[in-house]
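Presented below is the structure to which this report refers.
Values below: every heavy atom of this structure, side chains too, minus hydrogens, waters and symmetry copies. We number each residue from 1, following the sequence as shown. Just follow the structure's listing: the first ligand is 1, and inside any ligand the first atom is 1.
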Amino acid sequence: MNVLILNGPNLNLLGKREPEIYGHETLADIENAIRHRAFDKGVGTDFLQTNHEGVMLDRIHEARGRFDAIVINPAAWSHTSVALLDALKAFEGHVIEVHLSNIHTREAFRHHSYISARAEAVIAGMGSFGYLAAIDFLAR
Ligand code: CA2
């Protein structure tokens, strides 16, 4: 099993701003934890964080036929992007949506995610453990 882990806009700031909402871990810390968990489970990984929606869309297109699953934290694009939903619909593998925070206890505009319509599972509010739970779910 090969899994592509995608992180959307501003997640490069993790651990550097707003630790009360998103925690103290950096994205590099989180990616290392995912890498180790995936290695233990015999799962291959590749990673992308981007602040550019087109870059994210291109990477999803390229993932077709190469990855069995995508684990994605679409960040703010969750709440805005039909284009991201359409790209994920064209991907034939598993899609797991992860949010660090519980988007349902936050501002009303975060309660709806376009991506959830394509996601097999949605994890929100578990912090970085959500990514590890997604790997465990895929590897089971
Ligand atoms: O809870 C999540 O994982 C979110 O996807 C994070 C997004 C937010 O727009 C979603 O509603 C929920 C924001 C990611 C921005 O991350 C930052 C990290 C540190 C400092 C500033 C932003």
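With hydrogens and angles left out, the side-chain atoms of Y22 and N10 include no donor and acceptor closer than 3.5 Å. Looking only at atom types and distance, the side chain of E53 has no donor-acceptor partner in the side chain of N51 under 3.5 Å away.
At a 4.0 Å heavy-atom cut-off, the residues surrounding ligand 1 are P9, N10, L11, L13, L14, R17, E18, Y22, N73, A75, A76, H79, H99, L100, S101, I103, R110, listed by chain and number.
With sequence neighbours excluded, the residues satisfying side-chain hydrogen bond (donor to acceptor under 3.5 Å, both in side chains) with D46 are R59. Residues that satisfy the ring pair (Phe, Tyr, Trp, His ring centres under 6.0 Å) test with Y114, not counting sequence neighbours, are H112. Looking at residues two or more places apart in sequence or on another chain, you find no ring pair (Phe, Tyr, Trp, His ring centres under 6.0 Å) involving H111.
Partner of I5 under the side chain to side chain contact (heavy atoms under 4.5 Å, CB included) criterion, out of I70, I34, N73, I72: I34 alone.
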